[in-house]
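I have placed the structure first, in the form of C-alpha coordinates, so that the comments after it can refer back to it.
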Amino acid sequence: MKNYYGFDWNEIWNEVNEANIKCGAFGECASIWGSKEAARAFLNNSFANPERKQFIIDSLPLSPDSRVLDIGSGPGTIAVPVAGRVKHVTAVEPSHGMADVMEEYAAENGVSNLDIVRKRWEELDPSSDLQGPYDIVFASYSLGMQDLRDTIKMMEEVSSKWVYIFWISGMPSWEKGFLELWPQIHGKEFCLTPQADIIYNVLYSMGIYPNIRVAEIESNNYFPDLNSAVSKLSSVYNIETSEQEEILRNYLSTVLARDEKGFAVKESNMGTALWWEMGK
(Lines give C-alpha, C1' and ligand atoms only; values in the text may rest on other atoms or scores of the structure.)
Protein backbone atom coordinates (compact mmCIF):
# COMPACT_ATOMS: atom_id res chain seq x y z
CA MET A 1 0.00 0.00 0.00
CA LYS A 2 1.27 3.48 -0.89
CA ASN A 3 1.98 5.82 1.96
CA TYR A 4 0.48 9.30 2.14
CA TYR A 5 3.31 10.86 0.14
CA GLY A 6 3.06 8.28 -2.62
CA PHE A 7 -0.39 9.29 -3.85
CA ASP A 8 -0.75 11.26 -7.07
CA TRP A 9 -3.38 13.72 -5.86
CA ASN A 10 -3.73 15.30 -9.28
CA GLU A 11 -4.67 11.91 -10.72
CA ILE A 12 -7.11 11.37 -7.84
CA TRP A 13 -8.74 14.73 -8.71
CA ASN A 14 -8.96 13.68 -12.37
CA GLU A 15 -10.59 10.35 -11.53
CA VAL A 16 -13.14 11.75 -9.09
CA ASN A 17 -13.94 14.77 -11.26
CA GLU A 18 -14.35 12.67 -14.42
CA ALA A 19 -16.67 10.23 -12.63
CA ASN A 20 -18.78 13.13 -11.35
CA ILE A 21 -19.02 14.67 -14.83
CA LYS A 22 -20.05 11.35 -16.36
CA CYS A 23 -22.93 11.07 -13.89
CA GLY A 24 -24.57 13.89 -15.84
CA ALA A 25 -26.01 15.95 -12.98
CA PHE A 26 -27.19 19.40 -14.14
CA GLY A 27 -27.46 18.02 -17.68
CA GLU A 28 -25.06 19.41 -20.24
CA CYS A 29 -23.64 22.45 -18.45
CA ALA A 30 -22.67 24.22 -21.65
CA SER A 31 -26.18 24.00 -23.07
CA ILE A 32 -27.84 25.01 -19.78
CA TRP A 33 -25.73 28.11 -19.27
CA GLY A 34 -25.81 28.96 -22.96
CA SER A 35 -29.33 30.20 -22.24
CA LYS A 36 -29.51 33.84 -21.12
CA GLU A 37 -32.72 33.05 -19.26
CA ALA A 38 -30.98 30.40 -17.15
CA ALA A 39 -27.95 32.66 -16.61
CA ARG A 40 -30.14 35.54 -15.47
CA ALA A 41 -32.01 33.20 -13.10
CA PHE A 42 -28.64 32.11 -11.68
CA LEU A 43 -27.69 35.75 -11.11
CA ASN A 44 -31.06 36.58 -9.53
CA ASN A 45 -30.64 33.65 -7.16
CA SER A 46 -27.34 35.13 -5.99
CA PHE A 47 -29.21 38.33 -5.10
CA ALA A 48 -31.74 36.34 -3.08
CA ASN A 49 -28.98 34.34 -1.39
CA PRO A 50 -25.99 36.67 -0.95
CA GLU A 51 -24.12 34.62 1.68
CA ARG A 52 -21.78 32.80 -0.70
CA LYS A 53 -21.04 35.98 -2.67
CA GLN A 54 -20.27 37.85 0.53
CA PHE A 55 -18.04 35.03 1.81
CA ILE A 56 -15.94 35.29 -1.35
CA ILE A 57 -15.76 39.09 -1.52
CA ASP A 58 -14.94 39.40 2.18
CA SER A 59 -12.11 36.87 1.76
CA LEU A 60 -10.35 38.75 -1.06
CA PRO A 61 -7.73 41.44 -0.18
CA LEU A 62 -9.26 44.07 -2.45
CA SER A 63 -7.93 47.62 -2.75
CA PRO A 64 -8.61 50.51 -5.17
CA ASP A 65 -5.36 49.71 -7.02
CA SER A 66 -5.98 45.96 -7.38
CA ARG A 67 -6.02 44.25 -10.76
CA VAL A 68 -8.11 41.09 -10.45
CA LEU A 69 -8.63 37.94 -12.55
CA ASP A 70 -11.84 35.94 -12.00
CA ILE A 71 -11.78 32.45 -13.56
CA GLY A 72 -15.18 30.96 -14.41
CA SER A 73 -17.10 34.14 -13.64
CA GLY A 74 -20.59 32.94 -14.52
CA PRO A 75 -22.97 35.92 -14.88
CA GLY A 76 -20.60 38.24 -13.03
CA THR A 77 -21.85 37.41 -9.54
CA ILE A 78 -18.45 38.32 -8.06
CA ALA A 79 -16.72 40.09 -10.96
CA VAL A 80 -19.18 42.99 -11.25
CA PRO A 81 -19.34 44.02 -7.57
CA VAL A 82 -15.58 43.53 -7.25
CA ALA A 83 -15.02 45.80 -10.28
CA GLY A 84 -16.70 48.60 -8.34
CA ARG A 85 -13.97 48.36 -5.68
CA VAL A 86 -10.78 47.84 -7.70
CA LYS A 87 -8.83 49.25 -10.64
CA HIS A 88 -9.58 46.49 -13.17
CA VAL A 89 -11.17 43.04 -13.46
CA THR A 90 -10.70 40.43 -16.18
CA ALA A 91 -13.41 37.76 -16.18
CA VAL A 92 -12.92 34.43 -17.95
CA GLU A 93 -16.26 32.84 -18.90
CA PRO A 94 -16.81 30.46 -21.87
CA SER A 95 -20.62 30.22 -21.72
CA HIS A 96 -22.32 32.65 -24.09
CA GLY A 97 -25.41 33.01 -21.90
CA MET A 98 -23.38 33.70 -18.77
CA ALA A 99 -21.01 36.13 -20.53
CA ASP A 100 -23.89 38.02 -22.15
CA VAL A 101 -25.70 38.43 -18.82
CA MET A 102 -22.46 39.51 -17.14
CA GLU A 103 -22.01 42.17 -19.81
CA GLU A 104 -25.56 43.42 -19.20
CA TYR A 105 -25.13 43.29 -15.41
CA ALA A 106 -21.95 45.39 -15.69
CA ALA A 107 -23.69 47.96 -17.89
CA GLU A 108 -26.66 48.14 -15.51
CA ASN A 109 -24.23 49.05 -12.71
CA GLY A 110 -22.11 51.49 -14.69
CA VAL A 111 -19.07 49.22 -14.59
CA SER A 112 -16.57 50.02 -17.35
CA ASN A 113 -13.37 48.47 -15.95
CA LEU A 114 -14.37 44.85 -16.65
CA ASP A 115 -13.05 42.82 -19.59
CA ILE A 116 -14.65 39.48 -20.49
CA VAL A 117 -12.61 36.69 -22.07
CA ARG A 118 -15.07 34.25 -23.66
CA LYS A 119 -12.89 31.14 -23.55
CA ARG A 120 -12.33 28.08 -21.41
CA TRP A 121 -9.47 28.61 -18.96
CA GLU A 122 -7.55 25.59 -20.22
CA GLU A 123 -7.82 26.79 -23.84
CA LEU A 124 -6.77 30.44 -23.56
CA ASP A 125 -3.28 31.87 -24.16
CA PRO A 126 -2.27 34.03 -21.18
CA SER A 127 0.14 36.09 -23.28
CA SER A 128 -2.50 37.18 -25.79
CA ASP A 129 -5.85 36.71 -24.02
CA LEU A 130 -5.01 38.19 -20.62
CA GLN A 131 -3.55 41.47 -19.38
CA GLY A 132 -1.44 40.07 -16.56
CA PRO A 133 0.08 39.97 -14.15
CA TYR A 134 -2.81 40.37 -11.68
CA ASP A 135 -2.60 41.23 -8.01
CA ILE A 136 -5.37 38.72 -7.22
CA VAL A 137 -6.24 35.60 -9.23
CA PHE A 138 -9.21 33.57 -8.03
CA ALA A 139 -11.59 30.79 -9.05
CA SER A 140 -14.86 30.52 -7.13
CA TYR A 141 -16.63 27.17 -7.40
CA SER A 142 -15.47 26.92 -11.00
CA LEU A 143 -12.69 24.30 -11.07
CA GLY A 144 -14.55 21.84 -13.28
CA MET A 145 -11.54 21.23 -15.51
CA GLN A 146 -9.28 18.19 -15.54
CA ASP A 147 -5.61 18.42 -14.56
CA LEU A 148 -5.87 20.63 -11.52
CA ARG A 149 -2.09 20.86 -11.22
CA ASP A 150 -1.74 22.60 -14.59
CA THR A 151 -4.66 24.87 -13.74
CA ILE A 152 -2.94 25.98 -10.53
CA LYS A 153 0.38 26.49 -12.30
CA MET A 154 -1.33 28.72 -14.84
CA MET A 155 -3.05 30.70 -12.07
CA GLU A 156 0.34 31.28 -10.47
CA GLU A 157 1.91 32.31 -13.77
CA VAL A 158 -0.46 35.26 -14.14
CA SER A 159 -0.47 36.33 -10.47
CA SER A 160 1.99 38.79 -8.96
CA LYS A 161 0.64 38.53 -5.41
CA TRP A 162 -2.33 36.33 -4.37
CA VAL A 163 -4.08 33.18 -5.57
CA TYR A 164 -7.47 32.14 -4.15
CA ILE A 165 -9.55 29.01 -4.71
CA PHE A 166 -13.10 28.72 -3.37
CA TRP A 167 -14.64 25.25 -3.15
CA ILE A 168 -16.66 22.96 -0.86
CA SER A 169 -15.73 20.84 2.14
CA GLY A 170 -17.90 17.93 3.19
CA MET A 171 -21.00 16.86 1.33
CA PRO A 172 -23.24 19.78 0.30
CA SER A 173 -26.96 19.27 0.88
CA TRP A 174 -27.81 19.14 -2.82
CA GLU A 175 -25.54 16.13 -3.31
CA LYS A 176 -27.40 14.30 -0.56
CA GLY A 177 -30.42 14.55 -2.83
CA PHE A 178 -28.41 13.19 -5.73
CA LEU A 179 -27.18 10.26 -3.64
CA GLU A 180 -30.74 9.38 -2.68
CA LEU A 181 -32.44 9.86 -6.04
CA TRP A 182 -29.83 8.96 -8.65
CA PRO A 183 -30.14 5.16 -8.19
CA GLN A 184 -33.93 5.45 -8.39
CA ILE A 185 -33.94 7.73 -11.42
CA HIS A 186 -30.94 6.44 -13.39
CA GLY A 187 -30.26 3.00 -11.94
CA LYS A 188 -26.71 3.79 -10.84
CA GLU A 189 -24.87 5.38 -7.96
CA PHE A 190 -24.15 9.08 -8.00
CA CYS A 191 -20.46 10.07 -8.07
CA LEU A 192 -19.73 12.94 -5.71
CA THR A 193 -17.93 16.15 -6.63
CA PRO A 194 -14.24 16.18 -5.62
CA GLN A 195 -13.90 18.18 -2.43
CA ALA A 196 -11.45 20.65 -0.92
CA ASP A 197 -9.28 17.98 0.71
CA ILE A 198 -8.09 16.86 -2.73
CA ILE A 199 -7.33 20.45 -3.74
CA TYR A 200 -5.33 20.93 -0.54
CA ASN A 201 -3.30 17.79 -1.20
CA VAL A 202 -2.62 18.76 -4.82
CA LEU A 203 -1.33 22.10 -3.52
CA TYR A 204 0.71 20.40 -0.80
CA SER A 205 2.30 18.05 -3.34
CA MET A 206 3.31 21.15 -5.34
CA GLY A 207 5.03 22.71 -2.32
CA ILE A 208 2.19 25.17 -1.74
CA TYR A 209 0.90 25.38 1.83
CA PRO A 210 -2.32 27.43 1.67
CA ASN A 211 -4.24 29.32 4.29
CA ILE A 212 -7.73 27.88 4.83
CA ARG A 213 -10.99 29.45 5.92
CA VAL A 214 -14.25 27.50 6.22
CA ALA A 215 -17.76 28.86 6.79
CA GLU A 216 -21.21 27.32 6.64
CA ILE A 217 -23.23 28.89 3.85
CA GLU A 218 -27.00 28.49 3.62
CA SER A 219 -29.24 29.28 0.69
CA ASN A 220 -32.85 28.81 -0.42
CA ASN A 221 -34.15 28.13 -3.90
CA TYR A 222 -37.73 29.41 -4.07
CA PHE A 223 -40.57 28.18 -6.24
CA PRO A 224 -44.22 29.28 -6.41
CA ASP A 225 -45.46 25.69 -6.20
CA LEU A 226 -44.48 22.02 -6.52
CA ASN A 227 -45.03 21.92 -10.30
CA SER A 228 -42.65 24.81 -10.80
CA ALA A 229 -40.01 23.12 -8.63
CA VAL A 230 -40.30 19.91 -10.64
CA SER A 231 -40.04 21.83 -13.91
CA LYS A 232 -37.00 23.86 -12.85
CA LEU A 233 -35.12 20.97 -11.23
CA SER A 234 -35.75 18.39 -13.95
CA SER A 235 -32.66 19.51 -15.85
CA VAL A 236 -30.60 19.33 -12.64
CA TYR A 237 -31.57 15.68 -12.15
CA ASN A 238 -31.37 14.94 -15.88
CA ILE A 239 -35.03 13.88 -16.06
CA GLU A 240 -36.08 12.32 -19.38
CA THR A 241 -39.21 10.23 -18.69
CA SER A 242 -42.53 10.67 -16.89
CA GLU A 243 -41.54 7.89 -14.47
CA GLN A 244 -38.35 9.75 -13.55
CA GLU A 245 -40.32 12.96 -13.14
CA GLU A 246 -42.70 11.26 -10.72
CA ILE A 247 -39.78 10.10 -8.56
CA LEU A 248 -38.49 13.67 -8.44
CA ARG A 249 -41.98 15.01 -7.65
CA ASN A 250 -42.43 12.62 -4.74
CA TYR A 251 -39.02 13.56 -3.35
CA LEU A 252 -39.59 17.31 -3.65
CA SER A 253 -42.98 17.02 -1.96
CA THR A 254 -41.13 15.83 1.16
CA VAL A 255 -38.27 18.37 1.17
CA LEU A 256 -39.93 21.61 0.05
CA ALA A 257 -40.38 23.98 2.98
CA ARG A 258 -42.94 26.77 2.92
CA ASP A 259 -42.39 30.24 4.38
CA GLU A 260 -43.56 33.78 3.66
CA LYS A 261 -41.66 33.86 0.34
CA GLY A 262 -43.07 30.62 -1.07
CA PHE A 263 -41.82 27.05 -1.36
CA ALA A 264 -38.10 26.55 -0.84
CA VAL A 265 -35.48 23.88 -1.22
CA LYS A 266 -33.18 24.75 1.68
CA GLU A 267 -29.51 24.04 1.05
CA SER A 268 -26.22 24.40 2.90
CA ASN A 269 -22.55 23.72 2.30
CA MET A 270 -19.23 24.36 3.97
CA GLY A 271 -17.72 27.11 1.83
CA THR A 272 -13.95 26.82 1.79
CA ALA A 273 -11.32 29.38 0.81
CA LEU A 274 -7.75 28.24 0.13
CA TRP A 275 -5.25 30.99 -0.60
CA TRP A 276 -1.55 31.72 -0.67
CA GLU A 277 0.84 34.54 -1.42
CA MET A 278 3.20 34.12 -4.34
CA GLY A 279 6.79 33.45 -3.33
CA LYS A 280 5.94 32.40 0.22
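The distance from the CG atom of N250 to the CD atom of E245 is 10.5 Å, given to the nearest 0.5 Å. Here the straight-line distance linking atom OG of S35 with atom NE2 of H96 works out to 13.0 Å at 0.5 Å rounding. We find the CD1-CG distance between I12 and N201 to be 7.5 Å, quoted to the nearest 0.5 Å. One finds the CG atom of L203 at 4.0 Å from the CD1 atom of I152 (value rounded to the nearest 0.5 Å). The line from CD of E246 to CD of E243 is 9.5 Å long, rounded to the nearest 0.5 Å. To the nearest 0.5 angstrom, K232 atom NZ is 8.5 Å from F223 atom CZ.
Counting all heavy atoms, side chain and backbone alike, S159 lies closest to V137 at CB-CG2, 3.6 Å. Nearest approach of I21 to G144, heavy atoms of both residues: CD1-O, 3.9 Å. Taking all atoms of both residues into account, the shortest heavy-atom contact from L114 to A106 is CD2-CB, 3.9 Å. What you find for R249 and L226 is that their closest heavy atoms are CG-CD2, 3.9 Å. Taking all atoms of both residues into account, the shortest heavy-atom contact from A139 to L143 is CB-CD2, 3.8 Å. Here the closest heavy-atom approach between residue P133 and residue S160 is recorded as CB-CB, 3.9 Å.
Salt bridge E157/K153: absent, no basic N to carboxylate O contact under 4.0 Å. Look at K36 and E104 and you find a salt bridge, because one of the NZ, NE, NH1 or NH2 atoms lies within 4.0 Å of a carboxylate O, short of that distance.
Contact annotation: the side chain of N238 never approaches that of I185 to less than 4.5 Å [non-hydrogen atoms, C-beta and beyond]. With contacts defined as side-chain heavy-atom distances shorter than 4.5 Å, the pair M155/W121 qualifies. In this structure the side chain of E103 never reaches within 4.5 angstrom of the side chain of E93, judged on heavy atoms. A heavy-atom distance below 4.5 Å is found between the side chains of Y141 and I56. Within the 4.5 Å cutoff, the side chain of C191 has no heavy atoms near those of the V16 side chain. Looking at heavy atoms from C-beta onward, N113 lies out of side-chain contact with V89 at the 4.5 angstrom threshold. Contact annotation: the side chain of D135 never approaches that of V68 to less than 4.5 Å [non-hydrogen atoms, C-beta and beyond]. Counting heavy atoms from C-beta on, the side chains of E51 and E218 never come closer than 4.5 Å.
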- Task: Would you sort out whether T90 and D70 count as a side chain to side chain contact (heavy atoms under 4.5 Å, CB included), showing the intermediate values?
- Result: CA-CA 6 Å; T90 296; D70 179 0; over 6 Å; no

- Message: One pair to check against side chain to side chain contact (heavy atoms under 4.5 Å, CB included): E180 and Y251. What are the steps and the verdict?
- Response: CA-CA 9 Å; E180 181 176 342; Y251 171 75; 3.7 Å; yes

- Message: Show, in sequence, the C-alpha distance, side-chain angles and deciding distance for S268 and E216, and conclude whether the side chain to side chain contact (heavy atoms under 4.5 Å, CB included) test is met.
- Response: CA-CA 7 Å; S268 67; E216 185 172 8; 4.1 Å; yes

- Message: Run D225 and R258 through salt bridge (Lys or Arg N to Asp or Glu O under 4.0 Å) and show every step you take.
- Response: CA-CA 10 Å; D225 51 43; R258 186 169 188 173; over 6 Å; no

- Item | side chain to side chain contact (heavy atoms under 4.5 Å, CB included) between V163 and L274, worked out | CA-CA 8 Å; V163 180; L274 302 98; over 6 Å; no

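Residue pairs meeting the salt bridge (Lys or Arg N to Asp or Glu O under 4.0 Å) criterion with at least one member in residues 137-150, sequence neighbours excluded, are D8-R149. The salt bridge (Lys or Arg N to Asp or Glu O under 4.0 Å) contacts involving residues 264-277 comprise K161-E277, D259-K266, E277-K280, where partners must be two or more places apart or lie in separate chains. Under the ring pair (Phe, Tyr, Trp, His ring centres under 6.0 Å) criterion, no residue pair touches residues 252-272, with sequence neighbours excluded. Evaluation of the salt bridge (Lys or Arg N to Asp or Glu O under 4.0 Å) test over residues 13-22, restricted to residues two or more places apart or in two chains, returns E18-K22.
With no hydrogens or angles considered, a side-chain donor-acceptor pair links S63 and S66 at under 3.5 Å. No side-chain N or O of N49 forms a donor-acceptor pair with one of N220 less than 3.5 Å apart. Using a 3.5 Å distance cut-off with no hydrogens or angles, the side chains of R213 and S59 do pair a donor with an acceptor.
Among residues two or more places apart in sequence or in another chain, the side chain to side chain contact (heavy atoms under 4.5 Å, CB included) test is passed with K176 by M171. Every ring-ring contact (aromatic ring centres under 6.0 Å, His included) that Y105 has, sequence neighbours left out, goes to F47. With sequence neighbours excluded, the residues forming a side chain to side chain contact (heavy atoms under 4.5 Å, CB included) with Q131 are R67, H88, D115, Y134, listed by chain and number. Residues satisfying the side chain to side chain contact (heavy atoms under 4.5 Å, CB included) test with P172, not counting sequence neighbours, are I168, W174, E175, N269. In terms of the ring-ring contact (aromatic ring centres under 6.0 Å, His included) criterion, residue partners of W13 (sequence neighbours excluded) are, by chain and number, W167. In this structure, Y222 has no ring-ring contact (aromatic ring centres under 6.0 Å, His included) partners at least two apart in sequence or on a different chain. For the side chain to side chain contact (heavy atoms under 4.5 Å, CB included) test, residues two or more places apart in sequence or in another chain that qualify with D125 are S127, S128, D129. The salt bridge (charged side-chain N to carboxylate O under 4.0 Å, His left out) search around E122 returns R120, not counting sequence neighbours.
T241 places a side-chain N or O within 3.5 Å of a backbone atom of Q244 that can act as its donor or acceptor partner. For H186 (side chain) and Y237 (main-chain N/O), a donor-acceptor pair under 3.5 Å exists by modelled atom type. Proximity of a side-chain donor or acceptor of S142 to a complementary backbone N or O of I71 within less than 3.5 Å is detected. At distances below 3.5 Å, at least one donor-acceptor pair connects side-chain atoms of Q146 with backbone N or O atoms of N14.
Each of F138, W275, W276 was scored for a ring pair (Phe, Tyr, Trp, His ring centres under 6.0 Å) with Y164, with one residue passing: W275.
No more than 12 heavy atoms of other residues, nucleotides or ligands sit less than 6.0 Å from atom CZ of R85. Within a 6.0 Å radius of CD in E108, more than 12 heavy atoms belonging to other residues, nucleotides or ligands are found.
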